[in-house]
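Here's the structure, in structure tokens; my notes come after.
The first residue of the sequence shown is numbered 1, and numbering continues consecutively from there.
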Amino acid sequence: MLLLKTFAPWLLLAFLGQQVSVSSGARNKTRGANKTVAIPAPGRAQRSESKGAATGRGKFSLKDKMQCTWAARNAGNSVKLLVKCENPEARVKGGVTDMQCEYNAKPQTCPGYRSDPKGFWRQVSRAFKRLQGKVCRDDRALLKAGMCKRAPFKLDISTSSLSAQSGDPETPPPRPRTTSPGPTACTKRADHRKTAEEYCSSSWASVCSFFFSMLQSEDC
């Protein structure tokens, strides 16, 4: 009995400690079971990145003073570039006034497009400037970004349209008017001498001519 009274409190403490430990472990297991970890679906991040990458746009000009803009958009597994150009000066002087077309490519296959889309579109804008007169006209001229040379953009010639206008005809300068010279005063004086010879005798011809000339103002 003495031994039982001595060890009874210790046995009770050990039993209570074991119950507390078991209860705490059960609560931890319940919390762990309630936690859920969000695992992204395969390919979701890549698709989101691809959609965000096709937001490039820019401007460029051609040597014939054509001003152009371009914008990219997703089209299924490919990317389309819509190009629009205009030349207001050609509406007056004549020539190509408006131009529009589309370029297609699959840059998603290029690692550079996915890792640095901004750099990719800067290179595309510079590539447009290098094409110059071939823009929207030559489907053999490929649009290449330096980081993705194996995924170039190609012109869809069926989408290419050009509008031209003839210039206003130039008005010829007016011709200068030509006037025939009229009789001079000296000619009139010569006529006076002839008249004097007709109406006066030869001896008085000089006197008559002088008389006639006095009647007219002297012009020479």
Side-chain angles (χ1 to χ4, degrees), residues 28-167:
N28 291 335
K29 287 182 179 181
T30 303
R31 291 176 183 176
N34 291 334
K35 286 185 178 180
T36 57
V37 178
I39 301 176
R44 179 179 297 177
Q46 183 176 357
R47 289 196 299 269
S48 177
E49 182 180 3
S50 298
K51 289 184 179 180
T55 56
R57 63 182 62 248
K59 300 178 181 180
F60 64 95
S61 58
L62 304 179
K63 292 181 180 179
D64 59 356
K65 297 183 180 180
M66 187 79 73
Q67 302 297 320
C68 303
T69 60
W70 61 269
R73 64 181 179 86
N74 283 302
N77 295 328
S78 63
V79 174
K80 290 183 178 292
L81 298 183
L82 176 61
V83 182
K84 293 183 179 180
C85 304
E86 63 177 355
N87 185 359
E89 188 174 336
R91 302 182 189 279
V92 179
K93 295 184 177 180
V96 178
T97 58
D98 299 276
M99 189 165 57
Q100 182 173 325
C101 63
E102 285 186 358
Y103 284 80
N104 301 322
K106 294 183 178 180
Q108 298 93 333
T109 60
C110 174
Y113 172 78
R114 297 192 300 268
S115 62
D116 186 12
K118 291 183 179 180
F120 174 83
W121 294 124
R122 283 195 297 266
Q123 293 184 359
V124 167
S125 189
R126 289 194 292 267
F128 269 120
K129 294 179 182 179
R130 290 194 295 267
L131 288 184
Q132 286 297 317
K134 298 179 181 180
V135 173
C136 291
R137 301 185 185 188
D138 190 352
D139 58 349
R140 295 171 299 178
L142 301 179
L143 187 71
K144 298 180 180 180
M147 65 174 63
C148 294
K149 292 183 178 180
R150 295 185 179 181
F153 284 90
K154 184 177 181 180
L155 170 64
D156 183 359
I157 197 66
S158 64
T159 64
S160 182
S161 63
L162 288 80
S163 301
Q165 183 172 327
S166 59

Distance-only, no hydrogens or angles: does the [X] side chain make a donor-acceptor pair with backbone N or O of [Y] under 3.5 Å?
{"X": "T97", "Y": "S163", "answer": "yes"}
{"X": "E89", "Y": "K65", "answer": "no"}
{"X": "T159", "Y": "E102", "answer": "yes"}
{"X": "Q100", "Y": "S161", "answer": "no"}

List the residues meeting side-chain hydrogen bond (donor to acceptor under 3.5 Å, both in side chains) with K80, not counting sequence neighbours, and say none if there are none. N104

Parallel, tilted or perpendicular: which describes the rings of F120 and F153, with under 30° parallel and over 60° perpendicular? tilted

Angle class for the W121/W70 ring planes (parallel below 30°, perpendicular above 60°, tilted otherwise)? tilted

Starting at [atom1] of [X], measure out to [atom2] of [Y] and round the result to the nearest 0.5 Å.
{"X": "D116", "Y": "Q123", "atom1": "CG", "atom2": "CD", "result": "8.0 Å"}
{"X": "K84", "Y": "M99", "atom1": "NZ", "atom2": "CE", "result": "13.5 Å"}
{"X": "M66", "Y": "Q132", "atom1": "CE", "atom2": "CD", "result": "11.0 Å"}
{"X": "L131", "Y": "K144", "atom1": "CG", "atom2": "NZ", "result": "10.5 Å"}
{"X": "R126", "Y": "L143", "atom1": "CZ", "atom2": "CG", "result": "12.0 Å"}
{"X": "C148", "Y": "R114", "atom1": "SG", "atom2": "CZ", "result": "9.0 Å"}

Any chance you could lay out the side chain to side chain contact (heavy atoms under 4.5 Å, CB included) test for V79 and Q108, step after step, and finish with the verdict? CA-CA 8 Å; V79 174; Q108 298 93 333; 3.8 Å; yes

[X] versus [Y], closest heavy-atom pair with distance:
{"X": "N87", "Y": "D64", "answer": "ND2-O, 3.1 Å"}
{"X": "M147", "Y": "G119", "answer": "CE-C, 3.8 Å"}
{"X": "S160", "Y": "C101", "answer": "CA-CB, 3.9 Å"}
{"X": "A105", "Y": "P152", "answer": "CB-O, 3.2 Å"}
{"X": "K134", "Y": "A141", "answer": "CD-CB, 3.8 Å"}

Sulfur to sulfur, is the gap between C85 and C136 shorter than 2.5 Å? no

Kindly indicate, with the supporting measurements, whether the criterion side chain to side chain contact (heavy atoms under 4.5 Å, CB included) is fulfilled by D98 and R91. CA-CA 9 Å; D98 299 276; R91 302 182 189 279; 3.2 Å; yes

